[in-house]
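Just so we're clear, the structure is a prediction, and the values are computed from it rather than from any experiment.
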Amino acid sequence: MNARVDLPAAREVCPTATRRLLAEGALLVDVRERAEVARMAFDVPALVQMPLSEFERRFDELPRDRPLVLACESGPRSLKATYFLMYQGFTDVSNMDGGLAKWARKGSPVAGTAAPAVAAAAACCGSTAAASGCCDSTPETSTSAGCCETASASGGCCCPASPKNPPGGPCC
């Protein structure tokens, strides 16, 4: 019988925080499958590609003495891998919220070609967002794309509205 283990909530970081963590020595772990990586990949030097289908058998290859940021296409698969590592005793692990799709929308380096959905999402806020990756302080709406509900009053970015990210809330 499996014993229940209560884990703390996984730490989630955005692409901007991920870039900072990588600059500070973290390792990015891409859990997408090989065919996905062949289409478009993170273009960073500190990267390990470990498909989720191989993750349980290969996770011991990951260092325990270095911060790890796990990523997939949009976040849910890497969140599972993050919890798996936490269960295995890894203490410095984070999930990149929004995954490669958000990474690319934010203008972070990628190799390969962006999927049409990524390109369309990048333009959801209009020309300002396409140029800067952010809606700045201009409230714009796009209910069909589900993003940029309202920009924050402090001039921060606008993000897709969700329970974790209310309209007008801060984002990276």
Side-chain angles (χ1 to χ4, degrees), residues 1-115 117-119 121-122 132-134 147 152 154 156-160 162-166 169-172:
M1 181 173 271
N2 291 335
R4 180 177 166 91
V5 175
D6 289 325
L7 295 172
R11 179 176 169 210
E12 294 204 80
V13 294
C14 66
T16 303
T18 297
R19 289 181 72 172
R20 180 184 48 78
L21 290 168
L22 294 175
E24 295 171 355
L27 181 66
L28 183 62
V29 182
D30 186 348
V31 301
R32 297 175 305 129
E33 299 301 318
R34 296 182 197 288
E36 294 174 279
V37 172
R39 285 190 298 272
M40 186 167 70
F42 295 96
D43 190 9
V44 297
L47 174 71
V48 170
Q49 293 175 338
M50 189 176 293
L52 196 58
S53 62
E54 302 170 12
F55 202 79
E56 281 188 51
R57 145 171 70 87
R58 293 185 52 204
F59 78 93
D60 278 330
E61 297 172 26
L62 298 171
R64 290 179 181 262
D65 61 347
R66 185 173 180 183
L68 303 175
V69 178
L70 285 82
C72 63
E73 183 64 31
S74 60
R77 289 180 289 173
S78 55
L79 183 60
K80 288 179 186 179
T82 300
Y83 277 113
F84 177 80
L85 290 180
M86 290 169 62
Y87 182 79
Q88 299 301 324
F90 284 74
T91 57
D92 200 353
V93 294
S94 303
N95 178 56
M96 184 177 14
D97 185 44
L100 180 64
K102 189 172 182 179
W103 175 271
R105 280 195 315 267
K106 294 292 183 181
S108 296
V110 295
T113 56
V118 172
S132 69
C134 175
C147 61
S152 67
S154 64
C157 295
C158 54
C159 295
S162 71
K164 290 188 330 187
N165 186 32
C171 78
C172 301

Is the backbone of A104 close enough, under 3.5 Å, to the side chain of S108 for a donor and an acceptor to pair up by distance? no
[X] to [Y] - nearest heavy-atom pair and separation:
X	Y	answer
E33	S53	OE1-OG, 2.7 Å
Q49	A41	NE2-CB, 4.3 Å
D43	A111	CB-N, 3.9 Å
P109	V44	CG-CG1, 4.5 Å
A71	M96	CB-CE, 3.5 Å
A46	R66	CB-NH2, 3.6 Å

Salt bridge between E73 and R77, side-chain N to carboxylate O under 4.0 Å? no
Exceeds 12 heavy-atom contacts within 6.0 angstrom, atom CD of E56: no
Quick one: pull up [atom1] in [X] and [atom2] in [Y] and give me the separation to the nearest 0.5 Å.
X	Y	atom1	atom2	value
S74	D97	OG	CG	9.5 Å
L21	L27	CG	CG	11.5 Å
W103	M40	CH2	CE	11.5 Å

Which donor-acceptor pairs under 3.5 Å do the side chains of residues 79-93 make with protein atoms, sequence neighbours left out?
unit_1 : atom_1 : unit_2 : atom_2 : d
T82    : OG1    : S78    : O      : 2.8
Y83    : OH     : A10    : N      : 2.9

I want to check something: taking the side chain as every heavy atom from C-beta on, are L68 and P63 in contact at a cut-off of under 4.5 Å? yes
Are the side chains of V13 and S94 in touch, meaning some heavy atoms are under 4.5 Å apart? yes
With side-chain contact (heavy atoms from CB on, under 4.5 Å) as the criterion, how do L70 and F55 come out once you've worked through the C-alpha distance, each side chain's angles and the decisive distance to 0.1 Å? CA-CA 11 Å; L70 285 82; F55 202 79; 3.8 Å; yes
